[in-house]
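Notes follow the structure.
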2 protein chains.
Amino acid sequence: MNAPSRRKFRREGEERRRQDLIEATLDSVAEHGLQGASLRTIALRAGVTAGLIRHYFPGKEELLQEAYTTLVERMTEQAKAALAMEDASPRKRLAAFVSANLNAPIIDARVFSLWATFIGRASADPALAQAHREGYLGFRDEVEAVVAEVLAAEQRKVETSQLRHHAIAINAIIDGLWIEGCLAGEMFSPGELAAIGIRAVEAELGLVPEQDPEKPQTSRRKLMRLAQKGESG
Amino acid sequence: MNAPSRRKFRREGEERRRQDLIEATLDSVAEHGLQGASLRTIALRAGVTAGLIRHYFPGKEELLQEAYTTLVERMTEQAKAALAMEDASPRKRLAAFVSANLNAPIIDARVFSLWATFIGRASADPALAQAHREGYLGFRDEVEAVVAEVLAAEQRKVETSQLRHHAIAINAIIDGLWIEGCLAGEMFSPGELAAIGIRAVEAELGLVPEQDPEKPQTSRRKLMRLAQKGESG
DNA sequence: GGCCTTGTTGTGCAAGTGTATAAATAGCTT
DNA sequence: AAGCTATTTATACACTTGCACAACAAGGCC
């Protein structure tokens, strides 16, 4: 009779369990920060007991590192996916890329919380720092590639240093707007951030605003004034 | 003889002690994150014993909140200080503002680590979220004010919604570059980030690039091409 | 069915946590 | 010099933490 009644359990495949544990870790960190993400909390969320974690990970630190790596991969992968449209014009692809990065699901409070929590430790933890840098540089390279295509399509030649500067600036625009959207999404109407971002990116590249059929004179006048000032200076 | 030899101590003024404890808290968080910032660690750093903290703060949470408030105040204050130059032209002031935000001491790994650590908890902690929002909106209002001055000096009229969009975009540019500089300062040559930022901001506002005495034709040609495209579109 | 491997649970432990509170003493007041 | 008071130390406590390990049972294999 009242045998200690051990908890029933199922044996899951290794890959599945590891992924569940990583997901539970990310959930815990997003909700309660690194301090609130204890092995017991994580295990509870994953539907297992704490001891099991040690069977898949050498220690807590390794679990957190794998969780962060997973997060970075997921973020960059999602972001780059927006560049996949092969057929569209470079300019349209760039706009789609910016737009995708400034809407759900990339604009997301949970992901931002995770990003900030981990990145805050980057200056103290070389492993985190490197994981970030790789993700960042990969992202920037993608940006630089599209920018090069856009400028080529506009038949404009720029030096490589200028290209790099464009990529850095555009990356900053996207990052900055991403943060604002994640932290205070309700302050912006739907699509507003994307519109701001696209306009800012195109301004950075010196692209002529697309003709607005409503009032085409505006941009024409603006351009004339620009040219005039150029002559006089 | 061997009396238990209690530790010697000095009585400091309340203001001084509170400030020391807050500074020790910020140091601890910057170095080891929220998880590593225990009362004992903080007290050790401040040169007191842990029990004393309870004499100045109701609990750990309140100490952390005051520390974060202090941090935000310090950051926004420093940033706004760059706008103080009353005599310069609006455009020069804007450039100086951008430049100040993209150089030391505002570009600083420790401050960034603190910012990220705390902001990562903002979506879960309403108090942190509000502290951030107030600081952010204050900053953006400053940006918007300078932008308005700059555009007025250029005799350009823009709607208030457009003004807001400019401020949001410029804010994003500064934030994004600030992050890049804090996380990977050594990837940029001195002044490079500021140069990128100023150019991006001026492009956002549609300001004509300042005439480069070395090769003035370049920008003139560029402007002519811009104007031409405007005519044809 | 019975066995074996190993994924999984449960318990134990030392170290560390925030909080509470008693004891001591620094420095002002008189 | 003596006394007071409030700052500061020190200790206690209940609780959590990461980690180690022994016991167990799930599910494949023969």
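For clarity, every value in this text was computed on a predicted model and none was experimentally measured. Quick note on labels: first sequence line is chain A, next is B, and so on, each numbered from 1.
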Lys/Arg N to Asp/Glu carboxylate O, Arg91(A) vs Glu149(A), below 4.0 Å:
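Glu149(A) and Arg91(A): not salt-bridged.
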
Can you list everything that forms a side chain to side chain donor-acceptor pair (under 3.5 Å) with [X]? Sequence neighbours excluded, please.
X	value
Arg18(A)	Glu66(A)
Arg140(B)	Tyr136(B)
Gln19(A)	none

Protein-nucleotide distance ([X], atom [atom1]; [N], atom [atom2]), rounded to Å:
X	N	atom1	atom2	value
Leu64(A)	dT17(D)	CG	P	14 Å
Glu61(B)	dT17(C)	CD	P	18 Å
Ile42(B)	dG16(C)	CD1	P	16 Å
Lys60(B)	dT19(C)	NZ	C1'	12 Å

For DNA chain C, which residues in residues 25-34 of chain B have a heavy atom at a distance below 4.0 Å?
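None - not one residue of the stretch has a heavy atom sitting under 4.0 Å from the strand.
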
Not counting sequence neighbours, list each pair that qualifies as a ring pair (Phe, Tyr, Trp, His ring centres under 6.0 Å) and has a residue in residues 8-65 of chain B.
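Residue pairs with at least one partner in residues 8-65 of chain B: there are none.
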
How do Arg54(B) and Ser38(B) order along DNA chain C: which one's closest nucleotide is nearer the 5' end?
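Nearer the 5' end of the strand: Ser38(B).
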
Side-chain polar contacts of residues 118-128 of chain B - donor-acceptor pairs under 3.5 angstrom, sequence neighbours left out - could you list them?
from, atom 1, to, atom 2, distance (Å)
Arg121(B), NH2, Glu31(A), O, 2.8
Asp125(B), OD1, Ala127(B), N, 2.9

B/S/- along nucleotides 5-11 of chain C (protein heavy atoms under 4.0 Å) is -BBBBB-

Sequence-distant partners of Arg40(B), salt bridge (charged side-chain N to carboxylate O under 4.0 Å, His left out), two or more places apart
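With sequence neighbours excluded, Arg40(B) shows a salt bridge (charged side-chain N to carboxylate O under 4.0 Å, His left out) to no residue whatsoever.
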
According to salt bridge (charged side-chain N to carboxylate O under 4.0 Å, His left out), who are the partners of Asp20(B), at least two apart in sequence or on a separate chain?
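If we apply the salt bridge (charged side-chain N to carboxylate O under 4.0 Å, His left out) test to Asp20(B), skipping adjacent residues, the hits are Arg16(B).
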
Return the 5'-most residue of the pair Gln35(A), Pro58(A) with respect to DNA chain D, ranking by each residue's nearest nucleotide.
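The residue mapped nearer the 5' terminus is Gln35(A).
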
